Amino acid sequence: MDNIGKQIRHHRQQKNLTLKQVAEKAECSDVFISQVERSLASPSIATLKRIANALEVNLITLLQADEAAEEHVVTRKKDRVQFKFPHTEVYSELLTTNIRNKQMQPIYKIVKAGAGSEGTYRHEGEEMGVVLEGTLELTVDKQVYDLEPGDAFYFSSSRTHGYRNKGKEETRLIWVITPPTF
């Protein structure tokens, strides 16, 4: 994640946007954006997502290094981009090094006991997944599903959805989103 500032500056300049324009769209200060671009400050995932939206790019575009732009058939475990949303115990690893021009985004997700999406949300696209270990409570349009290892799900992301691990052990799963949102 050392490359975030360079990626932000690159995309901002490519779109002929000023620091102030990006800052206004991202709901932060232009001084902060400048500090991030110079690697003097580190944004939270939530702020980084707002910056990505302001630049009209996916979050992963800001997280990946320039050399990751080439097509890779295999992503080694050591090369996965890892991230954790602030104030949660949900950890994610991107299972592809590059989602540019891709139609889906596979994620390896670890949800600690008691953790989850912290509410429901909806957006464009579709989602599917399979529980590998542990249990997951999935809510789609107020319908609650209790999932165990081997159980799979598939739904339109335009439906209100959320999840949580109500078990005592962490849950591990593969989650695929289309189109890519991170």
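Bear in mind the structure is a predicted one, so any value in this text is a computation, not a measurement. All values below come from the heavy atoms of this structure, side chains included, with hydrogens, waters and symmetry mates left out.
- Cluster annotation: V131 and V144 are assigned to distinct hydrophobic clusters (Ile/Leu/Val/Met/Phe/Trp/Tyr, side-chain heavy-atom contacts under 4.5 Å, transitive).
- Note that the CG atom of L136 and the CG atom of L173 stand 6.0 Å from one another [nearest 0.5 Å].
- Here salt bridge (Lys or Arg N to Asp or Glu O under 4.0 Å) pairs that include residues 12-21, with residues two or more places apart or in two chains, are R12-E37.
- Atoms CD and CD1, on E27 and I51 in that order, are 11.5 Å from each other to the nearest 0.5 Å.
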- Assess whether side-chain contact (heavy atoms from CB on, under 4.5 Å) is satisfied between F32 and T47, documenting all intermediate values. CA-CA 11 Å; F32 180 71; T47 301; 3.8 Å; yes
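- Summarising the geometry, atom CZ belonging to R164 is positioned 9.5 Å from atom OG1 belonging to T135; distances are rounded to the nearest 0.5 Å.
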- Task: Apply side-chain contact (heavy atoms from CB on, under 4.5 Å) to the pair K109 and Y163, showing each step before the final yes or no.
- Result: CA-CA 12 Å; K109 193 175 284 259; Y163 64 92; 3.5 Å; yes
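- A side-chain N or O of S157 and one of E127 form a donor-acceptor pair less than 3.5 Å apart.
- Looking at N165, its side chain does come within 3.5 Å of a backbone N or O of G167 through a donor-acceptor pair.
- Contact detail for L17 and A54: the closest heavy-atom pair is CD1-O, 4.1 Å.
- Heavy atoms only, all atoms of each residue included: L138 and G162 are closest at CD1-O, 3.5 Å.
- Distance alone, capped at 3.5 Å, places no donor-acceptor pair between the T75 side chain and the R80 backbone.
- Heavy atoms only, all atoms of each residue included: S92 and I107 are closest at CB-CG2, 3.7 Å.
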- Residues N53, K25; criterion side-chain contact (heavy atoms from CB on, under 4.5 Å); working and verdict: CA-CA 8 Å; N53 289 340; K25 290 180 181 180; over 6 Å; no
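- Put simply, the residue from K6, Q7, Q13 that forms a side chain to side chain contact (heavy atoms under 4.5 Å, CB included) with R9 is Q13.
- The two residues A115 and V90 have their closest heavy-atom pair at CB-CG2, 4.2 Å.
- Considering only residues two or more places apart in sequence or on other chains, T18 meets the side chain to side chain donor-acceptor pair (under 3.5 Å) condition with Q21.
- Residues that satisfy the side chain to side chain donor-acceptor pair (under 3.5 Å) test with E170, not counting sequence neighbours, are K112, R172.
- Without hydrogens or angle criteria, H123 side chain to S158 main chain gives no donor-acceptor distance under 3.5 Å.
- Rounding to the nearest 0.5 Å gives a distance of 13.0 Å between NZ of K142 and CZ of R159.
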- Task: Please report the C-alpha distance between I174 and L95 in whole Å, then the side-chain angles of each, then the deciding distance to 0.1 Å, and finally whether the side-chain contact (heavy atoms from CB on, under 4.5 Å) criterion is met.
- Result: CA-CA 9 Å; I174 301 294; L95 296 175; 3.8 Å; yes
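- Counting heavy atoms from C-beta on, the side chains of H161 and Y121 come closer than 4.5 Å.
- Shown here are the salt bridge (Lys or Arg N to Asp or Glu O under 4.0 Å) partners of R122, two or more places apart in sequence or in another chain: there are none.
- Applying the side chain to side chain contact (heavy atoms under 4.5 Å, CB included) test to V31 and every residue at least two apart in sequence or in another chain returns S29, Q35.
- Within the structure, the side-chain hydrogen bond (donor to acceptor under 3.5 Å, both in side chains) test picks out the following pairs touching residues 146-155 (sequence neighbours left out): E126-Y154, D146-K166.
- Taken from CG in L94 to OH in Y108, the straight-line distance is 14.0 Å, to the nearest 0.5 Å.
- Of all non-hydrogen atoms in G125 and P179, the two that sit nearest each other are CA-CD, 3.7 Å.
- Aromatic ring pairs are classed by plane angle as parallel below 30°, tilted from 30° to 60° and perpendicular above 60°; the pair F153 and W175 is perpendicular.
- Counted within 6.0 Å of CD on Q14, heavy atoms from surrounding residues, nucleotides or ligands total more than 12; the atom is thus considered enclosed.
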